[in-house]
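Heads up, the thing below is written out as structure tokens.
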Amino acid sequence: MRKLYLSTLAVSAIVLGATAANATFTGATVNYQYYSPTQTSPYSGASNGDYVVGPGVEISDVAAGHATMDISDANIYIDFLDGPDTWTANAFNGWILSDTTNNLAAILGVTIDPATNMAGFSLSNVSFDGNSISVNWAGLSFDANTVVSLNVVFADSGVPEPSTWAMMLLGFGAIGVALRSRRRKVLATA
């Protein structure tokens with residue numbers, strides 16, 4: 001009986017300890033990188049690096065002191081500080097925000113929030129995959145009143161990940177083996 005109790009306790013700890021990915025940015029570690037003149041040319045005049053998303057502004061310098069970026073649950077808010085100015089019309093002049101530690105649920109979509117007022121900014125300036133979002137605003141203009149706000153849709157983290165299911169099945173199998181073993185011992189002694 002003691003073995004069965006310990007097996008059940010161990011399986012419960014494994015199942016309860018398995019965590020699914022965050023379905024929001026809050027608490028996640030993201031990497032911010034600005035690129036110009038191409039998407040493979042890092043731009044050093046920005047606050048590039050890893051950030052833990054929490055209250056307040058995460059990226060204090062989007063690029064060349066022009067804007068800040070505040071990341072919340074499912075929104076990326078870029079607030080421009082100066083201008084008028086225009087981003088150089090390079091092949092790529094923008095940023096990539098990525099989940100380098102795989103602690104976010106998959107990104108399923110990005111939409112432009114109605115607060116966005118950058119002239120000419122559209123979904124053609126935005127791309128994403130399951131782990132990253134990029135914005136290329138090459139050639140677009142801004143001033144101190146410009147805002148770009150993006151809403152992000154994540155996969156629902158309420159569904160256990162495949163690794164969680166695998167651990168649960170192994171645990172239930174172990175309980176079954178323990179019960180069967182115990183049952184054989186009881187029948188053998190009767």
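Between F25 and A74 the shortest heavy-atom distance is CD1-CA, 4.3 Å. Taking all atoms of both residues into account, the shortest heavy-atom contact from A155 to A23 is O-CB, 3.8 Å. What you find for P42 and T40 is that their closest heavy atoms are CD-O, 3.3 Å. In this structure, A46 and A63 approach most closely via the heavy-atom pair CB-CA, 4.0 Å.
At a threshold of 4.5 Å between side-chain heavy atoms, the hydrophobic network of Ile, Leu, Val, Met, Phe, Trp and Tyr places V126 and L104 in one connected group. I96 and I133 sit in two unconnected hydrophobic clusters of ILVMFWY residues. Membership requires side-chain heavy atoms under 4.5 Å apart, directly or through other members. Linking ILVMFWY side-chain heavy atoms closer than 4.5 Å, directly or via other members, places I78 and Y35 in two distinct hydrophobic clusters. A single hydrophobic cluster is seen to contain both F154 and F128, as judged by linkage of ILVMFWY side chains at heavy-atom distances under 4.5 Å, directly or through other members.
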(request) Take W95 and W137, measure what side-chain contact (heavy atoms from CB on, under 4.5 Å) needs, and give me the verdict at the end. (result) CA-CA 9 Å; W95 50 267; W137 45 37; 3.4 Å; yes
(message) Please evaluate residues T29 and Y51 with respect to the criterion side-chain contact (heavy atoms from CB on, under 4.5 Å), reporting the C-alpha separation (whole Å), side-chain torsions for both, the decisive distance (0.1 Å), and the verdict.
(response) CA-CA 5 Å; T29 300; Y51 295 89; over 6 Å; no
(request) Report the C-alpha separation of I59 and Y34 in whole Å, then their side-chain angles, then the decisive distance to 0.1 Å, and conclude whether the side-chain contact (heavy atoms from CB on, under 4.5 Å) test is met. (result) CA-CA 11 Å; I59 291 89; Y34 201 91; over 6 Å; no
(request) Just do the side-chain contact (heavy atoms from CB on, under 4.5 Å) check on M69 and Y32 with the steps written out, would you? (result) CA-CA 10 Å; M69 181 185 291; Y32 173 81; 3.6 Å; yes
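Put simply, NE2 on H66 and CZ on F142 are 4.0 Å apart, with the number rounded to the nearest 0.5 Å. Distance check: Y77 OH to T68 OG1 gives 8.5 Å after rounding to the nearest 0.5 Å. Atom CZ of F121 sits about 11.5 Å away from atom OG1 of T146, to the nearest 0.5 Å. Here the CG-CG distance, from N31 to N48, works out to 8.0 Å after rounding to the nearest 0.5 Å. Between the OG1 atom in T86 and the CG atom in L140 there is a gap of 8.5 Å [rounded to 0.5 Å]. To the nearest 0.5 angstrom, F92 atom CZ is 11.5 Å from W87 atom CH2.
For T88, the side-chain contact (heavy atoms from CB on, under 4.5 Å) partners at least two apart in sequence or on another chain are N90, N93.
A donor atom on one side chain and an acceptor atom on the other are not found under 3.5 Å apart for D113 and T116. Inspection of the T100 and S98 side chains reveals no N or O donor paired with an N or O acceptor under 3.5 Å.
In this structure, the side chain of N136 engages the main chain of A91 through a donor-acceptor pair within 3.5 Å. N117 places a side-chain N or O within donor-acceptor distance of the main-chain N or O of V147, the cut-off being under 3.5 Å.
When each of T24, D70, N151 is checked for a side chain to side chain donor-acceptor pair (under 3.5 Å) with N75, only N151 meets the rule. With L150 as reference, I112 is the one residue of L123, L97, I112 to meet the side chain to side chain contact (heavy atoms under 4.5 Å, CB included) rule.
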